[in-house]
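Working notes, structure below.
Throughout, numbering of the chain's residues begins at 1 and tracks the sequence. Heavy-atom basis, side chains included; hydrogens, waters and symmetry copies ignored.
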Amino acid sequence: IGGFDTRTASEDDILRIAQLHGEQGISEIILTVYSSAMETMHQNMLAIKKAMEKQKDYEGKSSRIIGVHIEGPFLNPVRCGALAPRSFLQPNEYNLKKLLEGFEDIVKIITIAPEGEGAVDLIRKISDMGIIASMGHSDATCAEAEAGYHAGARGITHLFNAMRGMHHRELGLAGFGLTHNDIYIEVIADPFHLDPEIIKLIFRVKNPDRIIIISDTVKETCDTAGRRSIINMQNTILGGSTTIKESWDRLVSMGVDEEIVIKAVSENPERYLNAN
């Protein structure tokens, strides 16, 4: 947002992100760290940790940073989306320990592809640590998604994007998320990531207590009017610029029940983060 994102070693950049989201009326945020070289991810998480420490003595309109979501590195390269597949690692306890070392207290969510060898066991380990396992960047079938859910996965990262879609003979991870009553789903509600009819379908079909709106804003999209996305040479969307407040306004203008939208940006994410 505003020319900043978490690909930084500067806590001041992170504090600026929090300020900009706070100006949009967002009270608390969890910042996503992208899958990359382990050293880079640790630099990014350290910047966030330092920013969180600085916020303890700060009062203002900034969003309070309450933790980190690590998007990777236990992902499927077939569904890498905008992430670098060379950074992906085998889903095992050794790599998890290396990833979290020194940051166990701030990591709240880890996205993992449930179909990888060892992934179900790692989902169980992540969940036992009190961290939310969210399934994403995945080519999982519905059965593989269900196995991940029963191992402890509680969410699905940006539904439909960077995952196996729905087919009339195979629901896939997207279909599992849409039809399963208890699992939480993240939705990017900007004009680019999902067709408007898909968004309307989600709100018609999915349990309204399990929908969470996320922003997916990245630094290349300085425009905060929700009109831009970044697309690479392979026509892959790398991110958008629509904030949570703008997503809320857009959903209501599309005819989605405002009370349901309010829950999707307040009650639902709070319940998702706090339920054990």
Does L75 belong to the same Ile/Leu/Val/Met/Phe/Trp/Tyr cluster as V78, with side-chain heavy atoms less than 4.5 Å apart forming each link? no

For residues 94-107, which residue pairs qualify under salt bridge (charged side-chain N to carboxylate O under 4.0 Å, His left out), counting only residues two or more places apart or in two chains? K49-D105

Heavy-atom closest pair (A145 atom, P114 atom, distance to 0.1 Å) is CA-CG, 4.4 Å

Short question: side chain of R64, backbone of E28 - any donor-acceptor pair under 3.5 Å? no

Closest non-hydrogen contact found for L99 with M41 is CD1-CE, 3.8 Å

Verify side chain to side chain donor-acceptor pair (under 3.5 Å) between T141 and E115, making sure each step is shown before the conclusion. CA-CA 8 Å; T141 63; E115 70 272 22; over 6 Å; no

Taking the side chain as everything from C-beta on, heavy atoms only, tell me whether F203 gets closer than 4.5 Å to P208. no

Test side chain to side chain contact (heavy atoms under 4.5 Å, CB included) applied to Q24 and I244, step by step: CA-CA 8 Å; Q24 290 272 327; I244 294 295; over 6 Å; no

Would you say the side chain of I14 lies within less than 4.5 Å of the side chain of T8, judging by non-hydrogen atoms? yes

M129 reachable from V120 in the ILVMFWY side-chain graph, under 4.5 Å edges: no

So, the side chain of Q19 versus the backbone of S63: is there a donor-acceptor pair under 3.5 Å, distance only? no

Can we say E23 and K61 salt-bridge, meaning some charged N sits less than 4.0 Å from an Asp/Glu carboxylate O? no

For the residue pair S247 and A189, what are the closest heavy atoms and their distance? CB-CB, 4.1 Å

State whether D121 and R124 are salt-bridged, where the test is any N-O pair (Lys NZ or Arg NE/NH1/NH2 against Asp/Glu carboxylate O) under 4.0 Å. yes

Could you check whether D12 pairs with K54 (Lys NZ or Arg NE/NH1/NH2 to Asp/Glu carboxylate O, under 4.0 Å)? yes

What about L89 and Y94, same hydrophobic cluster or not, with Ile/Leu/Val/Met/Phe/Trp/Tyr joined at side-chain heavy-atom distances under 4.5 Å? no

Which class fits the ring pair Y272 and Y184: parallel under 30°, tilted 30 to 60°, perpendicular over 60°? tilted

Partners of K206 by salt bridge (charged side-chain N to carboxylate O under 4.0 Å, His left out), sequence neighbours excluded? none

Is it the case that R7 places NZ or CZ above or below the six-membered ring of Y34, under 6.0 angstrom from the centre and within 45 degrees of the axis? yes

Just do the salt bridge (charged side-chain N to carboxylate O under 4.0 Å, His left out) check on E53 and K56 with the steps written out, would you? CA-CA 5 Å; E53 290 169 356; K56 291 177 182 177; 5.7 Å; no

Using only atom types and a distance under 3.5 Å, with no angle test, would you say the side chain of T40 pairs donor to acceptor with the backbone of S36? no

Checking E186 side chain against H158 main chain: does a donor-acceptor pair fall under 3.5 Å? yes

